[in-house]
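The block underneath contains the structure these notes are about, expressed in structure tokens.
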Amino acid sequence: MSASKKEYKRITVKTLSEMKAAGEKIAMLTAYDFTMAKMVDAANVDIILVGDSASNVIAGHETTLPITLDQMIYHASAVVRGTQRALVVVDLPFGSYQSDSKEALRSAIRIMKESGAHTIKLEGGTENAESLKRILGAGIPVMGHLGLTPQSIYQFGTYTVRAKEQQEAEKLKSDALFLQEQGCFALVLEKVPASLAKTVADALHIPVIGIGAGSGVDGQVLVLHDMLGMTTEFSPRFLRRYLNLDEQIGGAITQYVADVKAIAFPSKDEQY
Ligand code: KIV
């Protein structure tokens with residue numbers, strides 16, 4: 001197979017497992033719409049997460065809690081249409097899986113059927129045992145999410161680093177092993193000490209993707225709007241901004257307004 005053909009081969013959960021075994025780092029980013037997903041996919045990002053962070057960066061809510069299953073499916077189907085290579089993972093939103101395992105399975109099936117996504121992600125460890133069994137038993141691949149789990153923000157009370165104390169670190173390690181044993185294909189670790197994240201990644205055979213979890217894990221994920229500098233109010237230490245799009249987009253729009261007011265747009269060449 002030629003190198004260029006290999007680039008367009010769809011990433012699967014098996015590919016990710018092989019990448020971990022080979023020591024190849026996994027790049028993951030969020031996307032919520034067709035146009036951005038196309039760009040992210042063309043840049044060879046391995047996993048596109050349709051995160052419930054859409055609740056923050058797209059809908060402007062303070063937390064991830066308000067976004068609904070229907071809204072996640074809408075975002076996910078647009079992302080799937082923009083993607084040729086990446087594995088598409090979709091968050092089960094708050095309230096769509098916590099009440100009982102049958103509802104959790106129904107929610108996961110709706111995402112897979114109605115959006116065409118490849119896998120789902122859900123937050124938490126042993127408390128999801130029954131739901132995991134049902135969802136995985138239906139053949140739906142699941143990515144876990146431990147550490148700072150934003151759907152539990154009102155229980156934590158703050159977005160600070162998790163599992164700094166030994167008791168919480170031990171619980172996180174046993175939850176991570178539990179998720180692997182249940183059959184999850186990968187795990188996100190959010191905002192935990194780098195040494196703990198490395199210990200977990202070294203102990204597991206499934207890939208561990210970090211956000212604010214240091215470089216000792218198997219891959220990294222960031223929220224697209226944060227790393228492109230479209231959001232400005234959120235500046236945690238782990239966030240590297242690769243662009244300053246807030247300023248650039250704002251500048252372009254300001255120029256457009258000035259051009260319209262001054263009748264500098266459209267020009268003769270821009271009309272019929
Ligand atoms: O919703 C999201 O964007 C996420 C990432 C921060 C991992 O869960």
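Order of listing sets the numbers, starting from 1, for every ligand and every atom in it.
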Inset, instruction - Have a look at S101 and tell me which of K133, R134, R106 forms a side-chain hydrogen bond (donor to acceptor under 3.5 Å, both in side chains) with it. - result: R134

Inset, instruction - Return the residue, atom name and 0.1 Å-rounded distance of the protein heavy atom closest to atom 6 (C) of ligand 1. - result: I211 CD1, 3.7 Å

Legend entry - Top protein contact for atom 4 (C) of ligand 1, by heavy-atom distance: L49 CD2, 3.5 Å

Legend entry - Which atom of H75 lies closest to which atom of V50, heavy atoms considered: CB-CG1, 3.8 Å

Inset, instruction - Return the orientation label for the Y32 and H225 ring planes: parallel under 30°, perpendicular over 60°, tilted otherwise. - result: tilted

Inset, instruction - Give a yes/no verdict on whether any heavy atom in E123 is under 4.0 Å from an atom of ligand 1. - result: no

Inset, instruction - Consider every N or O of D91 and every N or O of ligand 1, then say whether any pair is closer than 3.5 Å. - result: yes

Inset, instruction - Quick one: look at V223 and ligand 1, take heavy-atom pairs under 4.0 Å, and tell me if it's side chain, backbone, both or neither. - result: side chain

Legend entry - atom 2 (C) of ligand 1: nearest protein contact (heavy atom, Å): S53 OG, 3.3 Å

Legend entry - Heavy atom of K121, distance to ligand 1 below 4.0 Å: yes

Legend entry - Exercise: do D226 and T231 side chains pair donor with acceptor under 3.5 Å: yes

Inset, instruction - Any chance you could lay out the side-chain contact (heavy atoms from CB on, under 4.5 Å) test for F178 and L132, step after step, and finish with the verdict? - result: CA-CA 11 Å; F178 172 79; L132 285 167; 3.9 Å; yes

